[in-house]
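Chain A is the first sequence line, chain B the second, and so forth, proteins listed ahead of strands; every chain is numbered from 1. Heavy-atom basis, side chains included; hydrogens, waters and symmetry copies ignored.
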There are 2 protein chains.
Amino acid sequence: MTEPHRALELMERLVRLVGQTGHAHGMKPAQWDALRYLARANRFSRTPGALTAYLAATKGTVSQTVIALERAGLVEKSQHPGDRRSVRLELTPAGRAMLKDDRIEAVRRALARLTPARAAALEDGLQALLSGLIAEGGGRPFGLCRACRHFGKDAHGPGRHLCRLLGEPLTHAESDQICVEQEAA
Amino acid sequence: MTEPHRALELMERLVRLVGQTGHAHGMKPAQWDALRYLARANRFSRTPGALTAYLAATKGTVSQTVIALERAGLVEKSQHPGDRRSVRLELTPAGRAMLKDDRIEAVRRALARLTPARAAALEDGLQALLSGLIAEGGGRPFGLCRACRHFGKDAHGPGRHLCRLLGEPLTHAESDQICVEQEAA
DNA sequence: CCTAATTAGTATCGTAACGATACCAATAAA
DNA sequence: TTTATTGGTATCGTTACGATACTAATTAGG
């Protein structure tokens, strides 16, 4: 049935409004999305491939977006140490500066104006909805490192954690970033 | 400050995933958005201008999207009775049929899988967030007709309502549609 | 009335997004 | 050592989009 489901209408409208915040400073929505992702992804996840999974796009499209960001001096590429096919992406200082003028801050401010209870309920609902969509569609959750089943808390001492999947040490700061390999604990 | 606000990350990701549902049947996301809007908007709101406000785009862009839908036989234009500048948009039977295959139904299904309490809290949070964004950005809410301050319930008898702003009668079905002129009661 | 000013919409341009397809090089599997 | 897979780029055609310029119909001001 096509029962209206007001929440769906609200989602659609919000998608539109949030999407249209991405036309500032001569940049495009997809470029902002990529920039924001790179600011929040851990070092294993700052690659064109992980970005492709995050954006749910095709790799050709993402490749072009990354090239545009590179030309604009907002992102730099380097080689992955162990795999010469793989590319590492890093924000440049200019890229980080650009994020300070991100118009999506308007959404963050609107979130901050909600009552704490409402905001918490919204976050909970969004998380549940996203999980449901990912379960149906086969995407990746891109959850926080510290909430991952491969996360070895304090494995190397207090505040010095471990990714058991990749066998790599993790700083405390890194454990708060998102990861392409994350699976809920 | 730039405290991460997990809800914002979830929103961004959801925006992406929901947006990418719009590539089915040779159509584009903006075309689905327009089609869905026309299915839910009341007769005063089925115009290129109202669609422009809803999509938060520019009228040039929307004009082209509408032309594409018209060429595809999904939408028909007619003249507004009283104002010869204005264009009325109507879904054709083919347009309504197309909506039955809307891939955003995946989102509706994911919503339906939430517990009722969670779904209600999500709807409440989304509504509050959207209101906040609109208050800051100056958009229109596009709320339901029956929740409008111009809504005259049963003004012409039981189930025969009135829009006091436009002086037009409203059927019961119409009072459940969204309106470009809506202002919360 | 008559002239602005406003409103509703279209046309055109240039850039980016996007899926699709084809391709290349490095790595992993057989 | 083939062969398959993986990570990424290149190119094409269509659409999205903002920007700008335009037309025609309506409304406001004098």
**Student:** State yes or no: do L129(A) and L144(A) share one hydrophobic cluster built from I, L, V, M, F, W and Y residues joined by side-chain heavy-atom distances below 4.5 Å, directly or via other members?
**Tutor:**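 In one cluster with L129(A): L144(A), no.
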**Student:** Please check: side-chain N/O of T52(B) versus main-chain N/O of P48(B), any donor-acceptor pairing under 3.5 Å?
**Tutor:**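 Checked: pair present.
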**Student:** Would you grab the first and last nucleotide of DNA chain D (5' to 3') that comes under 4.0 Å of any non-hydrogen atom in chain A?
**Tutor:**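 Boundary nucleotides touching chain A, in 5' to 3' order, are dT6(D) to dG18(D).
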**Student:** Between R16(B) and dC18(C), is there a contact of a side-chain N or O with OP1 or OP2 at under 4.0 Å?
**Tutor:**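 Affirmative; the distance criterion is met.
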**Student:** Is S63(B) near enough to dT10(C) that one of its side-chain N or O atoms lies under 4.0 angstrom from OP1 or OP2?
**Tutor:**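 Yes, S63(B) has a side-chain N/O under 4.0 Å of OP1/OP2 on dT10(C).
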**Student:** What orientation do W32(A) and H25(A) show, parallel under 30°, tilted 30 to 60°, or perpendicular over 60°?
**Tutor:**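 Aromatic pair W32(A)/H25(A) classed perpendicular.
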**Student:** What's R71(B) touching, base or sugar-phosphate or nothing? Going by heavy atoms closer than 4.0 Å.
**Tutor:**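 The answer is nothing, as R71(B) stays clear of every strand by at least 4.0 Å.
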**Student:** Pick the closest DNA chain C nucleotide for A56(A) and for K77(B) by heavy atoms, then say which residue is nearer the 5' end.
**Tutor:**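 Final value for this comparison: K77(B).
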**Student:** Mapping G26(B) and K28(A) to their closest nucleotides on DNA chain D, which lands nearer the 5' end?
**Tutor:**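 Mapping each residue to its closest nucleotide by heavy atoms, the 5'-most match is G26(B).
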**Student:** With a non-hydrogen cut-off below 4.0 angstrom, is H80(A) in contact with a base, only sugar-phosphate, or nothing?
**Tutor:**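 No contact at all - H80(A) keeps every heavy atom at 4.0 Å or more from the nucleic acid.
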**Student:** Do the numbers put R13(A) on top of the ring of F142(B), so that NZ or CZ is under 6.0 Å from the six-membered ring centre and no more than 45° off the axis?
**Tutor:**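 Judged by the rule, R13(A) and F142(B) form no cation-pi pair.
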**Student:** Between T61(A) and T47(B), who's closer to the 5' end of DNA chain C by nearest nucleotide?
**Tutor:**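 Its nearest nucleotide lies further toward 5', so the answer is T47(B).
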**Student:** Is R88(A) reaching over with its side chain to a backbone N or O of R46(A), donor-acceptor style, under 3.5 angstrom?
**Tutor:**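 Not at all, since once roles are kept as given, no pair shorter than 3.5 Å links the two residues.
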**Student:** Please confirm whether the shortest side-chain N or O distance from Q64(A) to OP1 or OP2 of dG19(C) is below 4.0 Å.
**Tutor:**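 False: Q64(A) side-chain N/O out of range (4.0 Å or more) of dG19(C) OP1/OP2.
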**Student:** Any sub-3.5 Å donor-acceptor pair from N42(A)'s side-chain atoms to E174(A)'s backbone N or O?
**Tutor:**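 No.
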**Student:** Run R43(A) and E168(A) through salt bridge (charged side-chain N to carboxylate O under 4.0 Å, His left out) and show every step you take.
**Tutor:** CA-CA 11 Å; R43(A) 69 193 129 100; E168(A) 290 277 338; 3.3 Å; yes
**Student:** Just call it for S86(A): base, sugar-phosphate, or nothing, with non-hydrogen atoms closer than 4.0 Å on any strand.
**Tutor:**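 Touches sugar-phosphate only.
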**Student:** Walk me through it: do H161(B) and H172(B) pass the test ring-ring contact (aromatic ring centres under 6.0 Å, His included)?
**Tutor:** CA-CA 7 Å; H161(B) 317 300; H172(B) 194 65; 5.5 Å; yes
**Student:** Once you apply a heavy-atom cut-off of 4.0 Å, does Q79(A) come out as touching a base, just sugar-phosphate, or nothing?
**Tutor:**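 Nothing: the residue Q79(A), judged by heavy atoms under 4.0 Å, touches no strand.
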**Student:** Could you tell me how far apart I67(B) (CD1) and dA8(C) (C1') are, to the nearest whole angstrom?
**Tutor:**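 Distance check: I67(B) CD1 to dA8(C) C1' gives 13 Å.
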**Student:** Return no unless some side-chain N or O of T58(A) is found under 4.0 Å from OP1 or OP2 of dG19(C).
**Tutor:**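 Checking dG19(C) against T58(A), a side-chain N or O does come within under 4.0 Å of OP1 or OP2.
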**Student:** Describe the nucleic acid contact of T52(B) in one word from base, sugar-phosphate, nothing, applying a heavy-atom distance below 4.0 Å.
**Tutor:**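 T52(B): no heavy atom of the nucleic acid under 4.0 Å.
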**Student:** Please give, in whole Å, the distance from dT15(C) P to H23(A) NE2?
**Tutor:**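 Taking NE2 of H23(A) and P of dT15(C), I get 16 Å after rounding.
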**Student:** Strictly under 4.0 angstrom, non-hydrogen atoms only: write out the protein contact profile of nucleotides 21-30 of chain C, one letter per nucleotide from the 5' end, B, S or -.
**Tutor:** -----BS---
**Student:** Same cluster or not: are L51(B) and F44(B) linked, directly or through other Ile, Leu, Val, Met, Phe, Trp or Tyr residues, by side-chain heavy atoms under 4.5 angstrom apart?
**Tutor:**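 No.
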